[in-house]
Amino acid sequence: MPSVNTGELNNALLAISHSLADRSQLASTMDAILAAARQLTLASHGIIYVLNQTGEALVPTTVHYKEAPLLQHPWTPLALESLKENDPFGYAITTGEVVLINNLYEYNGYDCDAIYNAEQALGSKSVNLLVWPLSDHQKQTVGLLVLFDLNVIDDEQSLSVFTKLAATSIRQAVLLEQYGSSMKELSADNKALSTENKRLKQRKQKNYNGPIAESDEMNEVLSRLQRILALPVDVLLRGETGTGKEVIAKYIHENSDRAKAPFIVQNCAAIPDQLLESELFGHKKGAFTGADRDKVGLFEAADGGTLFLDEIGDMPLLLQAKLLRVLQERTLRPIGSNKEITVNVRVIAATHCHLMEKIQNNEFRADLFYRLNVFPVTLPALRERKADIMPLSEHFITMTGKKLGLEQLPVLTQTAKKQLMDYAFPGNVRELRNVIERAVLLSDFISIENVELGDENMNITAPEPKTFNPEKTATFGDESPIDSSSPASLKDTVNNYERSVIIDFLKTNNWQTKRVAEQLGLPMSTLNHKMKKYAISPSN
């Protein structure tokens, strides 16, 4: 076989050493080493195997075929525990000796079936093979150099110098890549720790109103949110009433890049349907009766910030279509205007309803649901996150004490703590807050011996919706109907009672007329008629 003379070899080694010294990434280092090895041996094909991080297998990191890099190839990783000494690769690794086979496809004493299969897949039939273990200056094996169809170099000592240089370069490249990967992981961990530290510092502030998350369930929620805090992604918060959806929405806003912009809250069920469109999108002067001036809608007012739409499931279908267009196009048109307004608003929607059931009942648009449901977050009920009950209780004691101007905060006794931990809290965090405020007010401001839980301790009897139906003829005693000629005072009394009941139900249900109609057993048209008859409105 022809060989390279010593002068050419020394010059090549010098050039290769400079080339390898400039490499810092593993892939580019492997490619440079294999190209240099082929140059020194005049080989047309080659492979570099590198020991993986577990130290259990050699992985074919770089493959050259017909003097060009090959990304897709049939060479598979070599598991160290399954290597055999009669295999050329296994022999080189286990003994640390170089394997040279001059006639690969003639009998040579080695089991070359795996090599034959790989070459057949490539459509190749190499004449010879060189397998050289790569050991660094510390005599640690870091890989394997495999060359096909080569012209053997007579100066084996110089080639040995090259392989040691190559092995050292591989070791450095592997360490640098591992270091870079570790730095990325540390950077991510530091960022997470920084966020957690910021969260803990906020909790210690006396005016902190953010989420209390000591339980695994709430920490999972915050970890999920961590991924999208800085991204322009709309969020759908789901959970029972009182689970703290507005608190979470504010937490998302304050930890995003929109923190310095407005955070605006709108309960979609708190105002009549006909006013909600104007509240959200605004209107121009003269757009309808009573529109005596231009009004900026909440979307426009929240431009650059966050708009929190609570009880999205109670939004009328007509407004749902308009909301969908705003979410898709980020443009809106105020009522009475012929100009489009572009807005940059992050929308956080919240609901305690099962929206899929509303979709099946044609009460909620499926396209709006799928648009909002890009990043859903379900808040656990308080009974599912009991580890948060005590931290929340202490937090609410601090808030109440500050509100009352107490110099010393009352302490929960073991009896009170057990009462809190054993209670199911159907009203969730909101109910716990009310319970703690009441407990502080009823305490001696030194200790809280007992807490009042549930309506049974409050001696309040709510009216039963099903027992009152104004559509039926009222009867008394002997089942005789009320005579229409009854005195006016009796009629006024009945009307006043009916008006007060309707107002109570509206206030209890945040003026959600549809829900009130269902509870009172009235058609919507009848309820609307009675509200007009008795002049009932949210301003009452």
Side-chain angles (χ1 to χ4, degrees), residues 209 225 228-237 245-351 355 364-365 367-377 510-513 537-539:
N209 291 310
L225 290 173
I228 52 90
L229 289 177
L231 300 178
V233 179
D234 296 331
V235 180
L236 176 62
L237 300 178
K245 293 185 283 291
E246 184 173 340
V247 172
I248 293 295
K250 191 172 183 181
Y251 168 80
I252 295 173
H253 172 75
E254 291 179 346
N255 289 274
S256 70
D257 55 359
R258 300 172 179 265
K260 295 182 180 180
F263 174 74
I264 296 179
V265 178
Q266 176 59 56
N267 189 318
C268 297
I271 59 177
D273 300 350
Q274 60 271 23
L275 297 181
L276 185 57
E277 181 178 4
S278 175
E279 282 294 314
L280 293 177
F281 308 120
H283 65 251
K284 304 299 288 185
K285 180 179 179 180
F288 51 84
T289 303
D292 55 353
R293 56 187 175 84
D294 290 352
K295 176 180 175 61
V296 175
L298 297 183
F299 269 98
E300 188 176 355
D303 190 31
T306 304
L307 178 60
F308 175 52
L309 298 178
D310 199 5
E311 301 299 350
I312 193 74
D314 294 309
M315 178 178 282
L317 283 170
L318 179 62
L319 287 189
Q320 290 178 28
K322 294 185 177 182
L323 174 62
L324 176 63
R325 184 174 182 277
V326 175
L327 294 178
Q328 290 177 336
E329 307 295 334
R330 299 295 163 172
T331 60
L332 60 90
R333 182 182 298 172
I335 302 173
S337 175
N338 56 5
K339 293 183 179 180
E340 295 278 351
I341 297 175
T342 300
V343 292
N344 174 20
V345 177
R346 181 185 215 167
V347 174
I348 302 176
T351 181
L355 293 183
F364 200 83
R365 293 177 63 101
D367 48 5
L368 177 58
F369 169 75
Y370 292 119
R371 180 61 183 79
L372 291 171
N373 204 47
V374 173
F375 196 86
V377 177
N510 292 324
W511 293 85
Q512 297 180 52
T513 53
S537 67
S539 60

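In what follows, every heavy atom counts, from backbone to side chain, and hydrogens, waters and symmetry copies are set aside.
Other residues, nucleotides and ligands place no more than 12 heavy atoms under 6.0 Å from the OH atom of Tyr370.
Within the structure, every pair that satisfies the salt bridge (Lys or Arg N to Asp or Glu O under 4.0 Å) test and touches residues 282-294, not counting sequence neighbours, is listed here: Lys284-Asp294.
Distance CD/Glu300 to CG/Leu332: 7.0 Å, rounded to 0.5 Å. Between Asp303 atom CG and Leu298 atom CG the span is 12.5 Å, to the nearest 0.5 Å. Note that CG of Leu276 and CG of Leu323 are 9.5 Å apart. Values are rounded to the nearest 0.5 Å. Here the NZ-CG distance, from Lys250 to Asn255, works out to 12.0 Å after rounding to the nearest 0.5 Å. Summarising the geometry, atom CZ belonging to Phe299 is positioned 13.5 Å from atom OG1 belonging to Thr342; distances are rounded to the nearest 0.5 Å. The OG atom of Ser537 sits 12.5 Å away from atom CD1 of Ile271, with the distance rounded to the nearest 0.5 Å.
The aromatic rings of His283 and Phe288 lie perpendicular to each other, with more than 60° between the two planes, well past the 30° mark.
A heavy-atom distance below 4.5 Å is not found between the side chains of Leu275 and Ser278. Counting heavy atoms from C-beta on, the side chains of Ile341 and Val343 come closer than 4.5 Å. Side-chain contact between Val326 and Thr331: absent, with no pair of heavy atoms (C-beta onward) separated by less than 4.5 Å. Considering only heavy atoms from C-beta on, Leu307 stays 4.5 Å or farther from Ile348 through its side chain. Side-chain contact between Ile335 and Glu277: present, with at least one pair of heavy atoms (C-beta onward) separated by less than 4.5 Å. Counting heavy atoms from C-beta outward, Leu327 and Leu372 have side chains that approach closer than 4.5 Å. The side-chain heavy atoms of Phe281 and Leu319, taken from C-beta on, include a pair separated by under 4.5 Å. Within the 4.5 Å cutoff, the side chain of Arg371 has no heavy atoms near those of the Val347 side chain.
Two rings, from Phe364 and Phe369, have their centers 6.0 Å or more apart.
No side-chain donor-acceptor contact under 3.5 Å links Arg346 to the backbone of Ser256. With Glu311 contributing its side chain and Cys268 its backbone, the two residues share no donor-acceptor pair below 3.5 Å.
Of the listed residues (Val377, Ile248, Val374), just one forms a side-chain contact (heavy atoms from CB on, under 4.5 Å) with Val235, and that residue is Val377.
Across all non-hydrogen atoms, the minimal contact from Phe308 to Ala349 is CE1-C, 4.5 Å. Between Arg258 and Thr306 the shortest heavy-atom distance is CD-OG1, 4.1 Å.
The side-chain hydrogen bond (donor to acceptor under 3.5 Å, both in side chains) search around Asp234 returns Arg330, not counting sequence neighbours.
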Go through the steps for Trp511 and Thr513 under the test side chain to side chain contact (heavy atoms under 4.5 Å, CB included), then give the verdict.
CA-CA 6 Å; Trp511 293 85; Thr513 53; 5.8 Å; no
Give the table of side-chain donor-acceptor pairs shorter than 3.5 Å for residues 260-267, with sequence neighbours excluded, one pair per line with atom names and distance.
| unit_1 | atom_1 | unit_2 | atom_2 | d |
| --- | --- | --- | --- | --- |
| Asn267 | OD1 | Ala269 | N | 2.9 |
| Asn267 | OD1 | Ala270 | N | 3.4 |

